[in-house]
There are 2 protein chains.
Amino acid sequence: MREATDLHANLCQAIAEPTRISILYALNEKPCHVNELVDQLKTPQTTISRHLKILREQSIVETQREGSFVFYSLGYQRIIQALDIMKSIKLDIVRKEHDLIHK
Amino acid sequence: MREATDLHANLCQAIAEPTRISILYALNEKPCHVNELVDQLKTPQTTISRHLKILREQSIVETQREGSFVFYSLGYQRIIQALDIMKSIKLDIVRKEHDLIHK
DNA sequence: CTCGCATATCCGGATAATCGAATATGCTAA
DNA sequence: TTAGCATATTCGATTATCCGGATATGCGAG
């Protein structure tokens with residue numbers, strides 16, 4: 001199952017980057033065009049477009065042209081469920097570390 | 001929330017690698033010591049230990065010494081839930097691609 | 001067609017991840 | 001103590017990832 005695991009890892013890899021995580025949560029609120037993401041995340045357009053390309057290549061997001069704008073939206077809403085689980089685990093870990101330090 | 005997102009991404013990053021995914025699924029079956037993983041995954045011991053270190057640093061796995069062996073186990077079982085969601089999404093994507101090709 | 005905005009790609013350079021052999025450390029038993 | 005197995009770390013080399021400025025492409029308005 002090497003190959004399947006590689007594909008699995010590729011998908012995980014695609015969401016394992018701070019800017020891309022922010023993009024996914026933003027798109028979960030509502031579909032956006034590129035410049036909305038640029039403004040919202042205060043990140044250069046070049047950088048946003050590069051990350052969007054990575055998400056597109058993994059089919060995590062979908063695009064729809066509307067005039068000169070390109071709207072992005074989540075292809076699979078349950079990617080947010082997976083991210084939320086990871087977030088809650090991280091929260092548990094941080095809390096546990098904090099408790100250890102403070103006796 | 002840049003910092004929180006970075007931590008979130010670090011955790012995601014730690015699970016986004018084929019060998020580490022295989023290790024996590026193996027540990028989900030049962031706790032193992034290092035050489036069991038080496039045999040099971042047919043991967044050099046150096047490589048396994050390096051990946052285990054990364055998982056340890058993120059508190060994803062826990063260790064317990066027993067004599068000269070070190071047993072590893074999952075620190076948070078729900079990491080498997082997150083991985084399963086990602087796997088099911090990947091499966092959907094692959095199926096969709098397949099359907100497109102075969103009309 | 002041309003202009004201008006929206007978006008995508010190209011480029012070079014910096015940083016980080018991966019590998020496995022070699023080597024070090026830790027523990028047990030004799 | 002020493003021998004030997006289990007595990008961890010160091011090393012150098014390779015490969016991947018990231019950044020953002022510069023630039024290219026796509027589309028609508030005029």
Side-chain angles (χ1 to χ4, degrees), chain A residues 2-3 5-24 26-27 30-75, chain B residues 2-3 5-24 26-27 30-75:
Chain A
R2 228 299 91 91
E3 190 178 328
T5 304
D6 285 351
L7 293 176
H8 193 175
N10 288 343
L11 187 59
C12 293
Q13 180 98 303
I15 69 165
E17 202 280 336
T19 301
R20 293 199 289 271
I21 289 176
S22 300
I23 289 174
L24 292 172
L27 294 181
K30 73 173 198 349
C32 295
H33 62 255
V34 181
N35 275 330
E36 285 184 273
L37 293 169
V38 169
D39 292 346
Q40 200 170 326
L41 307 187
K42 296 178 181 39
T43 301
Q45 177 266 325
T46 297
T47 300
I48 295 290
S49 275
R50 188 169 12 84
H51 286 302
L52 285 172
K53 180 183 191 173
I54 292 168
L55 295 173
R56 245 187 295 133
E57 286 171 343
Q58 289 294 324
S59 305
I60 296 168
V61 300
E62 293 173 348
T63 62
Q64 193 176 348
R65 263 218 115 92
E66 310 225 343
S68 56
F69 295 85
V70 178
F71 278 86
Y72 279 83
S73 56
L74 290 186
Chain B
R2 224 305 86 94
E3 192 177 327
T5 304
D6 285 351
L7 293 177
H8 193 176
N10 288 342
L11 186 58
C12 293
Q13 179 98 313
I15 70 164
E17 201 281 336
T19 301
R20 294 200 288 273
I21 289 176
S22 300
I23 290 174
L24 292 172
L27 294 181
K30 72 174 202 345
C32 296
H33 62 255
V34 181
N35 274 331
E36 286 185 271
L37 294 169
V38 169
D39 292 347
Q40 201 169 325
L41 307 188
K42 297 180 181 38
T43 302
Q45 177 267 324
T46 297
T47 300
I48 295 290
S49 275
R50 190 168 10 83
H51 285 302
L52 285 171
K53 180 184 191 175
I54 291 167
L55 295 172
R56 246 187 294 133
E57 286 171 345
Q58 290 292 325
S59 304
I60 296 169
V61 299
E62 293 172 347
T63 62
Q64 192 176 349
R65 262 217 116 91
E66 310 226 342
S68 57
F69 296 86
V70 178
F71 277 85
Y72 279 82
S73 56
L74 289 185

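In what follows, chains carry the letters A, B, and so on, assigned in the order in which the sequence lines appear, proteins first and then strands, with residues in each chain numbered from 1.
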Quiz item: Hey, mind stepping through A:Ser73 and A:Val61 against side chain to side chain contact (heavy atoms under 4.5 Å, CB included) and telling me if it holds?
Solution: CA-CA 6 Å; A:Ser73 56; A:Val61 300; over 6 Å; no
Practice problem: Spell out protein contact along nucleotides 4-10 of chain C as letters: B when the base is contacted, S when just the sugar-phosphate is, - when no protein heavy atom is under 4.0 Å; keep the 5' to 3' order. | Solution: --SBBB-
Nearest-Å distance, [atom1] ([X]) to [atom2] ([N])?
X       : N      : atom1 : atom2 : result
B:Asp6  : C:dA16 : CG    : P     : 12 Å
B:Gln13 : C:dT18 : CD    : C1'   : 12 Å
B:Ile48 : D:dT9  : CD1   : P     : 15 Å
A:Leu41 : D:dG20 : CG    : C1'   : 16 Å
B:Glu17 : C:dT18 : CD    : C1'   : 8 Å
B:Glu57 : C:dA17 : CD    : P     : 10 Å
B:Lys42 : C:dC19 : NZ    : P     : 17 Å
A:Ile54 : D:dT17 : CD1   : C1'   : 8 Å

Quick one, [X] and [Y] - any side-chain contact, counting heavy atoms below 4.5 Å?
X       : Y       : value
A:Asp6  : B:Pro18 : yes
A:Val38 : A:Thr47 : no
B:Gln64 : B:Val70 : no

Practice problem: Give a yes/no answer on whether the side chain of B:His51 brings an N or O atom under 4.0 Å of OP1 or OP2 in C:dT18. | Solution: no
Exercise. Write out all pairs satisfying salt bridge (charged side-chain N to carboxylate O under 4.0 Å, His left out) with one or both partners inside residues 40-58 of chain B, taking only residues at least two apart or from two chains.
Key: none
Exercise. Could you tell me how the ring of B:Phe69 sits relative to the ring of B:His33: parallel (under 30°), tilted (30 to 60°) or perpendicular (over 60°)?
Key: tilted
